[in-house]
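Every chain is numbered from 1 and lettered A, B, ... according to where its sequence line falls, protein lines coming before strand lines.
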Amino acid sequence: MLSQSALTKNTVESLLEGLNEHQRKAAVTTEGPVLIIAGAGSGKTRVLTFRIAYLLQQGIHPSSILALTFTNKAAKEMRERITHLVGDTVYGVMAGTFHSVFARILRQYADLIGYNRSFSIYDTDDQLSAVKAIMVQLGISQQVLPANGVRGRISSAKNAMISWQQYSNGANSVIEKQTAQIFQEYEARLKRSNAMDFDDLLLNMIRLLQQQPDVLDQLQERFRYIMVDEYQDTNKAQYKAVELLARKYRNLCVVGDDAQSIYRWRGADIQNILDFERDYPKATTVRLEQNYRSTKTILAAADSVIKNNSGRLKKELWTDNAEGEKILVLGCRDDREEAETIMKVVRTAMRESNLQASDVAVLYRTNAQSQLIEDAMRRANVAYHIVSGVSFYKRKEIKDTLAYLRVLVNPSDTESILRIINEPSRGIGNTTMQRLQDYAVETNTTLFETLKIAENVVGIQKRSATSVQNFVELITRNQVDIDTEPPALVAQRFMAQTGLADMYRLQNTDESQDRWNNIDRLLSHIQEQYEFDETLTLSQYIEQISLLSDADDEATGGNRVSMMTMHAAKGLEYPMVVIAGMEQGLFPLAKAEQDIDEREEERRLFYVGITRAKQHLVLTYAERRFRFGEMNFSRPSMFIGEIDPACVVGNHSNRTPHSEAHAVQNVWERGSPKRQSEFSQMPEGETYSQLPSAPRYNAPIPKSIRPANKDSVNGYTVGQQVNHPMFGIGTIMALSGSEQSAKATVMFNNGQRKQLMLAFAKLEVV
DNA sequence: ACTTAGTAAATTCTC
DNA sequence: TTTACTAAGT
């Protein structure tokens, strides 16, 4: 069957030999519920992928297998590794994040639960704008009740499967009662907009399964083997959805590590994994306790820290690896010095311990911390990159472009309309939109339907009504070809008409040029994706982008030091890890100082951080740090004190440095052992402000972004004289890209040099 | 309707 | 330091 040739008995058996006894058991116990408690570095992903390969080898049809992960990165890695084992067969396996898998299923059955299949997916920003609009509508001041707090409470409620009715019944305080009211309106508003937020993707999946027995049966029959990765991070809704899907065949295998649960704040319920054996009484439990990643020292340190948490699943991690060197703890005078120190430690380790830049990761608690470390790295010419910093997709111009495209696909999408109806300015102001929104709510129609009849709505100015009419026509005109023409073409033609790119082009500042280029990149990206998969629709593209916020790939490429938050580091490993900002109030965060649960979560996060390291681990802290615009004093993190002192060296407290500690020698070679600050001070005369700043985002858009220069493109040639309606006569200096993404660099006679996109700029050859 | 200036607040993590 | 909201002025 299928391309099973890639998967002979031999490959399976040889793989089997590569697994230890427990891993093997976890992989081949395919029937019934299985709980795999997988300690850090115990080969979890390996077991999961082998398990899937094994199922396929047993003759299980690929489409019977469902594998759910939390991040796109994890899903992608799993697919790649399975592909490695079984080849193309993997294409039948449904593997993805909860949200993406459910979104796909929900599109298919959308009409059964009262949605149109082109529903929009709302991210946190869209949620917030909906909440704000509702608060204005209800006359609740944001001064009294911060909108973002309301958004958070609504989302938490939904995570815990609490409906607005239930929330309303349980509301006691004024704040809760008002929130309940907003909650109710919020649900109605999203429904009217034919939109689901992230939580709805889970909740509607449950609704679908509960309300449509046929669908439930169909899906249960289809997904006979279900696997859930990072089970400790599931929330109530995810738990329920999985429970429903697995109820019939009960071939549910969950993998997780309670010690690595770090998403409580977004509704993850650690109880789900703790209670698995109770919920599935006949479950086989397998413990993966052999660590293949870290040295004995690192493991001991991690263990001594996590021991301070209560209520854990029994698990004893051990390793055959070497003792390894001690953990280096370095106190610094301030955050700048810390950054310099990190740079020096990394550079020294690369030189002395024969490490590549890509062998090193610098981890921190908050994204803001990366700035100074980046500066230090750049100054010293150490190649680095930021993993999932500010996403490309969070940029204003990109969000605007996507909003335009979403309106095209789903005109009911209120939040997207509000976002772009006056961007660029069309003379449609707040008052007008407020009136139209009120009217839409009163008549219980979509905003777009109301826009169509704007002239009949009382209180709307003639001028505004005309502008609205033009906007409606802009949308409807472009919707015509949406199902017949290639998505990139539709998008490009549409965007050229919206005037968004023109607005940035005419602003003609460095910043607007960037924005314009970003729009261009997005449009090119659609083209690329389409070339990769010709069945791609605009709707699918938007969904794909909405559910992606990780800057996955690309980030891993190249020989560079990786810098990221500890959350982002989950699932990764590096020969050398530096954890920065080990200070009370930063790590653990201030709010954890009172709350035991918060503190335990921070501790688990620290545990995750420590266990990323294979051989070298360095912890740093600063005695003073610039935060919130002012200098603050801080004390070393309590977590440092929790590490078994036998595992640690450094200038922390009055412990004397051990001479056998390799890294320590390197660090101290140029300074006095007592005051490490002396060697890490900034050289005189150089300041950080003189340094150019690095791009702050890490765009996941792959390759081909920098097209090669050409002599002739789309009928234009280098050297040609052209006329531009805005800039006048000029000469084409260079050409790049092709078709819709073609660009020309033009030197205009007025002295301006511009990069223009041929699809947008109306260049006339003279 | 749009611009500007002034003030307040918020700064963790993610699908 | 940066962002975001409000109010007043054009």
Side-chain angles (χ1 to χ4, degrees), chain A residues 68-75 96-103 121-129 132 135-136 141-143 146-149 152 155 158-159 196-202 205 230 233-235 237-238 261-268 363-372 387-391 393-394 396 421-434 460-461 463-464 467 543-552 564-570 581 585-592 598 601-602 604-605 608-609 626-632 689 696:
Chain A
L68 296 167
T69 64
F70 275 83
T71 62
N72 293 300
K73 199 161 72 183
T97 63
F98 276 92
H99 294 86
S100 66
V101 168
F102 288 1
I121 296 172
Y122 277 4
D123 66 10
T124 314
D125 283 356
D126 300 316
Q127 287 183 304
L128 187 59
S129 90
K132 280 177 183 166
M135 289 179 71
V136 170
S141 160
Q142 289 190 43
Q143 304 282 358
N148 201 29
S155 184
K158 292 174 81 164
N159 272 324
M196 300 187 194
D197 62 22
F198 288 140
D199 307 317
D200 286 327
L201 291 174
L202 310 174
M205 186 69 195
E230 309 282 13
D233 288 334
T234 49
N235 63 30
Q238 285 158 331
S261 166
I262 53 176
Y263 288 114
R264 202 178 67 107
W265 53 272
R266 70 170 207 221
L363 311 182
Y364 33 78
R365 182 65 238 265
T366 68
N367 279 313
Q369 289 168 257
S370 74
Q371 188 72 68
L372 283 178
V387 179
S388 74
V390 178
S391 163
Y393 301 104
K394 290 219 176 98
K396 181 184 183 311
I421 193 162
N422 208 26
E423 189 78 23
S425 178
R426 296 188 172 88
I428 307 170
N430 275 336
T431 349
T432 305
M433 287 317 292
Q434 207 51 58
I460 301 296
Q461 307 265 315
R463 270 236 313 264
S464 306
S467 302
E543 173 176 314
Q544 188 187 314
I545 299 298
S546 312
L547 295 173
L548 184 132
S549 59
D550 253 17
D552 339 62
M564 68 194 98
T565 63
M566 268 169 282
H567 284 87
K570 194 170 180 199
L586 183 60
F587 191 34
L589 285 175
K591 72 170 180 179
E598 294 280 0
E601 171 128 334
E602 296 282 305
R604 289 191 294 269
L605 185 57
V608 169
F626 202 69
R627 263 184 108 191
F628 309 149
E630 57 180 17
M631 197 52 98
N632 291 94
S689 57
R696 294 290 302 146

**Q** Which nucleotide, B:dC13, B:dC2, B:dC15, lies nearest any side-chain atom of A:T124?
**A**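 Nearest listed nucleotide: B:dC15.
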**Q** Among B:dC13, B:dA1, B:dC15, which nucleotide has an atom closest to any side-chain atom of A:H567?
**A**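 It is B:dC13.
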**Q** Find the distance between NE2 (A:H567) and OH (A:Y263) and round it off to the nearest 0.5 Å.
**A**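 Atom-to-atom, A:H567:NE2 and A:Y263:OH are 5.5 Å apart.
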**Q** Given B:dA1, B:dC13, B:dC15, which nucleotide is nearest the side-chain atoms of A:T71?
**A**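 Of the candidates, B:dC15 comes closest.
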**Q** Ring centres within less than 5.5 Å and planes less than 30° apart: is that true of A:W265 and B:dC13 in this structure?
**A**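 So yes, this residue stacks on that base, both cut-offs being met.
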**Q** Does atom CD of A:Q142 have more than 12 heavy-atom neighbours, drawn from other residues, nucleotides or ligands, at distances under 6.0 Å?
**A**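 For A:Q142, atom CD is crowded (more than 12 foreign heavy atoms under 6.0 Å).
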**Q** Is there a side-chain contact between A:S425 and the phosphate of B:dC2, meaning an N or O under 4.0 Å from OP1 or OP2?
**A**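 Yes, such a contact exists.
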**Q** More 5' along DNA chain B: A:N430 or A:P146, using each one's nearest nucleotide?
**A**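 Of the two residues, A:N430 wins.
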**Q** For A:F70, which residues count as a ring-ring contact (aromatic ring centres under 6.0 Å, His included) partner, sequence neighbours excluded?
**A**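 Partners of A:F70 by the ring-ring contact (aromatic ring centres under 6.0 Å, His included) criterion, ordered by chain and then number, come out as A:F98.
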**Q** Starting the side chain at C-beta, find the nucleotide from B:dA1, B:dC2, B:dC15 nearest to A:N422.
**A**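 Taking heavy atoms from C-beta onward, the closest nucleotide is B:dC2.
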**Q** How far does the P atom of C:dA4 sit from the matching atom of B:dC13, given to the nearest Å?
**A**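 Those two atoms are separated by 15 Å.
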**Q** How far does OH of A:Y364 sit from CD of A:Q369, to the nearest 0.5 angstrom?
**A**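 Result: 8.5 Å between the selected atoms.
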**Q** Output the single nucleotide from B:dC13, B:dA1, B:dC15 whose closest atom is nearest the side chain of A:N367.
**A**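 From the listed options, B:dC13 comes nearest.
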**Q** Which residues satisfy the ring-ring contact (aromatic ring centres under 6.0 Å, His included) test with A:F198, sequence neighbours excluded?
**A**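 Counting only residues at least two positions away or on another chain, A:F198 forms a ring-ring contact (aromatic ring centres under 6.0 Å, His included) with A:H99.
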**Q** Can you pull every protein N or O that's under 3.5 Å from an N or O on nucleotides 3-7 of chain C?
**A**
| from | atom 1 | to | atom 2 | distance (Å) |
| --- | --- | --- | --- | --- |
| C:dC5 | OP1 | A:K132 | NZ | 2.1 |

**Q** Of the nucleotides B:dT14, B:dC2, B:dC15, which has the atom closest to the A:T97 side chain?
**A**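 Closest of the options to the side chain of A:T97: B:dC15.
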**Q** Is it true that A:S100 and A:T97 share a donor-acceptor pair across their side chains at a distance under 3.5 Å?
**A**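 Side chains of A:T97 and A:S100: pair found under 3.5 Å.
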